[in-house]
Amino acid sequence: MHQHITSLPPGATCLGKSRCHFKVWAPRVKNLAVHILGPRERVIPLTEEKRGYFGGTVEGVEPGSLYYYLLDGEKERPDPASRHQPEGVHGPSEVVDLYSFNWNDHCWPGPNRESLVFYELHPGTFTREGTFEAIIPYLEELKELGITAIQLMPVAQFPGSRNWGYDGVYPYAVQNSYGGPGGLQRLVDACHQKGMAVFLDVVYNHLGPEGNYLGDYAPYFTERYRTPWGPAINFDGPGSDEVRRYFIENALYWIRDYHIDGLRLDAVHAILDMSATHFLEELAEEVHREAGRLGRRVYVVAESDLNDARIIRPRAIGGYGLDAQWCDDFHHALHALLTGERLGYYRDFGELDHLAKAFRQGYVYTGQYSEYRQRRHGNTTDLCRPCQFVVFSQNHDQVGNRAGGERLSNLATFEDLKLAAAAVILSPYLPLLFMGEEYGETAPFLYFTSHTDPALAEAVRKGRREEFSAFAWQEIADPQDEQTFLRSRLNRALRHQGHHRVLYEFYRELLRLRRQVRALGNLERRNMEVHSYPGEQVLVVQRWERESRASLILSFKDIPVHLNLPLAQGHWQKILDAAEERWLGSGSTVPPVLFSPGRVELTLPPKACLLLELER
C-alpha cells in the first residue's frame, strides 16, 4: 500500500508497475533532473513545485536502478534522501522497494517501557562478518541473557566501511557494508520474532563532512551556531520548516518502513533551535502520532549532557515530551567511585553521595556548581519517573572516547565488575549493557574511520588528540588504521572461559532477579529509599511493591565493614551474594536468612554486593 503522491516522503518511492516517484527539496537550483543510469540510461526533468521542491513520476524504473540528480544541468549529486548507496557516499543512489519485504511481525505491539533492557552494539564489530545478517544467530543467546531491546549504533551511510556511524551523510540510506536496507529489515524482523525490540541511534545534530552534498540543494546548515563536529543543522532560520520536515520524515521512515521500536537521538544538546516550538518537541509529537496510527509503542530517547529535565517532561507542563534520556551522571558517579579517576568530567564525581543522589534523582547535578564546567549545572528531576532514565556502567562513548578504548574490565577488578553490574541492573532505571560487558570482554572499543580524503583523515587525528587533552591521555590509536577497527571486534569465545563465564552467569542472574522480584519491578521513586554511609562506603537501596520488599547493599570498601542497618521487621532471605564461591568470591560472611527487629547487625565482606528479600 502506498501513500498519496503529495504526501510521499523525500527520495525515490516505488509505486509498483515499474513506476517510481522522485521528490527532492532544492531551492538553491533553477532546474533539476533525475539521471537514470540503467538499465536504460535517461535524463528526466522534474517539475518544480511549491517551496522549492522538485518532483515527478517516472515510468520504466525498477528497484535496483541507479540514479543521480542533475543540478542546473551541471552537477551530478546523489539523492539527499537516498535509500541505498551501494557504491558509497560519492556514488549513485539506488531505487529500493522497501514495501516488498515480507514481514512476520504483524501482531508485534512494541515493548512495554518498564521492561526495557538495552544491549548497545556496533554492527561492524559485534561479529567477525560485521553485517546485520551475522547478528541474527546471537539473538537467542541475548534473549536468554535477559535482553529485551537491541540498541544499534547509527547505520546511516558513512564514508568507507569502518566508522562508528556518527559521520553519516545520508540519513535515509542504510550502510552498504552492513547489508543495506534488506539486511536491516531481516534483522528487525528476526528480533521481533524473538520478542525483542530494536532501537536505532540517529544523528540529527550534524552530518559528516565527506560526501555531504546537502548544501548544494538547500539551506540545510546554518552559520549562526556551531557544533563540535561541523556546521549546525538549520532548525530555526530561513528554510528551516523543510529542514525540520526532512529529519522528521526520516524518523517516521525508520518506524514505518523498518518497524524500528525506538530512536536514540544523538547529542541533542547540539540541536540548536530558538523557535517557539523546539524541533525535539515537534519530533516527539510526530513519532508518537505515527506510533498511534500504526497501533504500536514507539519511544524517543535523548542523549543530552545538559541535565535538563525539560527534555523528558510532558508537553502539558512545558516539556518536550520525549520518553527517556541517557543518564551520564549515573555512569560518572559509579565509574569514579570504582576506578578513582578524577580527570576531565570525573572531577565532579567520586564520592559515595554522588552515587546515592544518582539513585534518588538520576541527575547528580541539579543546579549546583560544577568544578569541571566552572558554572552551575542541571535542574530538578522531581516531575520525572525513573523509567525515563537509561543507565549504564559502559557504553560506546564512555569506552570509545578513551585514548586506549579501555573497557571497565581493563580498569577495575572482577569484584568491581560485579558491583557495577548490580548497581545498573538492580537500579530503578532502564539498564543498558554495552556489547561484551556481560562477560568482561577485554578487547578495546576504539574510535575508527575510513575517510578517503587525506586532509580530513589528518584533521580527525588532530581533533582526537585535542579532545583528550583534559584527560592527559598521551597515546591515541590512529582512527584510520584498519588495525584500530580490527582490534575493536569482540572475542566472544571468552564468554565460555573462566571468570568470563562466571560474570556472564552473574549478569543473567541479575536480570532474572530484576524480572522476578516484584519490588524491583516497581520503577517509581516513591517506592524507594536510599541510605548512604560515606564513612563505610556502603550504599543501601530499599525498594518495595505492596508486600514485596527488597534491599540492595553495595559496599565499595576493599576491607570488611561492620554496619547496623535499618531493615523492616521480619525474616530476610539472601537471594544474591557476590562473595559466594559460585561467583568466585572470597566467601560470604552473611547468613542465608536474617531476622530483623527493625535494624540488623551485618559484617560485609570487601566489595560486597548483596540482595535481600523480605519473606512474606
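Reckoned from all heavy atoms, side chains included, excluding hydrogens, waters and symmetry mates. What you see is a predicted model; the values in this text were computed from it and never measured.
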Answer whether the closest heavy-atom distance between the side chains of Phe556 and Leu554 falls below 4.5 Å. yes
Leu604 versus Val538, closest heavy-atom pair with distance: CD1-CG2, 3.9 Å
Does Gln573 reach the main-chain N or O of Ile575 with its side chain, forming a donor-acceptor pair under 3.5 Å? no
Could you walk me through whether Val390 and Tyr429 pass the side chain to side chain contact (heavy atoms under 4.5 Å, CB included) test, one step at a time? CA-CA 6 Å; Val390 178; Tyr429 305 116; over 6 Å; no
Heavy atoms of Ala568 and Leu614 approach each other most closely as O-CD1, 4.4 Å
Is there a side chain to side chain donor-acceptor pair (under 3.5 Å) between His335 and Gln398 once you walk through the steps? CA-CA 10 Å; His335 183 95; Gln398 303 305 336; over 6 Å; no
Step by step, would you call Lys357 with Ser532 a side chain to side chain donor-acceptor pair (under 3.5 Å)? CA-CA 9 Å; Lys357 187 170 181 183; Ser532 174; over 6 Å; no
Measure the spacing between CD of Glu524 and CE of Met528 and express it to the nearest 0.5 Å. 10.0 Å
Between atom OG1 of Thr127 and atom CZ of Phe132, what is the distance when rounded to the nearest 0.5 Å? 11.0 Å
Whether Arg487 side chain and Leu446 backbone form a donor-acceptor pair below 3.5 Å: no
Could you list the residues that satisfy side chain to side chain contact (heavy atoms under 4.5 Å, CB included) with His278, not counting sequence neighbours? Ile271, Asp273, Leu280, Tyr320
Over 60° means perpendicular and under 30° means parallel, so tell me whether Phe448 and Trp164 are parallel, tilted or perpendicular. perpendicular
Ion pair present between Arg289 and Glu285, side-chain N to carboxylate O less than 4.0 angstrom? yes
Side chain to side chain donor-acceptor pair (under 3.5 Å), that's the test. Do His288 and Asp323 meet it? Break it down for me. CA-CA 10 Å; His288 293 144; Asp323 298 290; 2.8 Å; yes
Distance in Å, Leu145 CG paired with Thr148 OG1, rounded so as to fall on 0.5 Å steps: 10.5 Å
Could you check Val301 against Trp326 for side chain to side chain contact (heavy atoms under 4.5 Å, CB included), going step by step and ending with a plain yes or no? CA-CA 7 Å; Val301 181; Trp326 280 25; 3.8 Å; yes
Does the ring centre of Phe349 sit less than 6.0 Å away from the ring centre of Tyr372? no
I would like to know whether Glu505 and Arg582 meet salt bridge (Lys or Arg N to Asp or Glu O under 4.0 Å); could you show each step before the answer? CA-CA 10 Å; Glu505 291 301 328; Arg582 67 179 290 206; over 6 Å; no
Report the C-alpha distance between Phe158 and Tyr166 in whole Å, list the side-chain angles of each, state the deciding distance to 0.1 Å, and finish with yes or no for side chain to side chain contact (heavy atoms under 4.5 Å, CB included). CA-CA 8 Å; Phe158 51 74; Tyr166 301 95; over 6 Å; no
Looking at Arg543 and Asn522, would you say the former's side chain and the latter's main chain have a donor-acceptor pair under 3.5 Å? yes
Do side-chain atoms of Ser548 reach the backbone of Glu545 as a donor and acceptor pair under 3.5 angstrom? no
Before we go on, tell me: are the rings of Tyr345 and His332 under 6.0 Å apart, centre to centre? yes
Please report the closest heavy-atom contact between Leu352 and Leu539, naming both atoms and the distance. CD1-CB, 4.3 Å
Would you mind telling me which of Phe392, Phe389, Phe359, Tyr365 makes a ring-ring contact (aromatic ring centres under 6.0 Å, His included) with Phe330? Phe359
Does the side chain of Val202 come within less than 4.5 Å of Asp266's, by heavy atoms? no
Answer yes or no: is there a donor N or O on one side and an acceptor on the other, between the side chain of His500 and the main chain of Tyr439, under 3.5 Å? yes
For the residue pair Leu408 and Leu417, establish whether any side-chain heavy-atom pair is separated by less than 4.5 Å. yes
Kindly indicate, with the supporting measurements, whether the criterion side chain to side chain contact (heavy atoms under 4.5 Å, CB included) is fulfilled by Leu184 and Val198. CA-CA 10 Å; Leu184 180 58; Val198 181; 5.6 Å; no
Would you call Lys607 and Asp416 a salt bridge, using N to O less than 4.0 angstrom? yes
Looking at Phe118, I'd like to know if the NZ or CZ of Arg264 sits under 6.0 Å from its six-membered ring centre while staying within 45 degrees of the ring's axis. no
Looking at Ile425, is its backbone amide N or carbonyl O close enough to the side chain of Arg514 to form a donor-acceptor pair, meaning the two atoms are under 3.5 Å apart? yes
Working for side chain to side chain donor-acceptor pair (under 3.5 Å), residues Asn379 and Asp308: CA-CA 6 Å; Asn379 58 26; Asp308 185 358; 2.8 Å; yes
Looking at CZ of Arg501 and CG of Leu584, how far apart are the two atoms once the value is rounded to the nearest 0.5 Å? 8.0 Å
When rounded to the nearest 0.5 Å, the distance separating CD1 of Ile260 from CZ of Phe199 is 9.5 Å
Salt bridge present between Glu140 and Lys143 (N-O < 4.0 angstrom): no
Of all residues at least two apart in sequence or in a different chain, which pass the salt bridge (Lys or Arg N to Asp or Glu O under 4.0 Å) check with Glu114? Arg385
Can you confirm whether more than 12 heavy atoms, excluding those of Gln516, are under 6.0 Å from its CD atom? yes
Which heavy atom of Ala608 sits nearest a heavy atom of Leu419, and at what distance? O-CD2, 3.3 Å
If you compare all heavy atoms of Leu503 against all heavy atoms of Glu437, which two are closest, and at what distance to 0.1 Å? CD2-O, 3.9 Å
Give me the atom names and distance for the closest heavy-atom approach of Arg407 to Val399. CG-CG1, 3.9 Å
Would you please name every residue forming a side chain to side chain contact (heavy atoms under 4.5 Å, CB included) with Asp105, sequence neighbours left out? Trp103, Trp108, Asp189, His192, Gln193, His259
Side chain to side chain, Leu552 and Leu610, heavy atoms closer than 4.5 Å: no
Just verifying a value: how many Å separate Ile311 CD1 and His269 NE2, rounded to the nearest 0.5 Å? 9.5 Å
Between Arg549 and Glu613, does any NZ, NE, NH1 or NH2 come within less than 4.0 Å of an OD or OE carboxylate oxygen? no
Over 60° means perpendicular and under 30° means parallel, so tell me whether Tyr119 and Phe126 are parallel, tilted or perpendicular. perpendicular
Is Asp329 reaching over with its side chain to a backbone N or O of Val364, donor-acceptor style, under 3.5 angstrom? yes
Quick one: does Ser161's side chain have a donor or acceptor within less than 3.5 Å of a partner on Ser177's backbone? no
Would the distance check show the side chain of Lys418 and the main-chain N or O of Ala578 forming a donor-acceptor pair, the cut-off being under 3.5 Å? yes
Between His122 and Tyr178, does any side-chain donor sit less than 3.5 Å from a side-chain acceptor? yes
Heavy-atom side-chain contact between Arg360 and Glu529 under 4.5 Å: no
Looking at Arg489 and Arg128, would you say the former's side chain and the latter's main chain have a donor-acceptor pair under 3.5 Å? yes
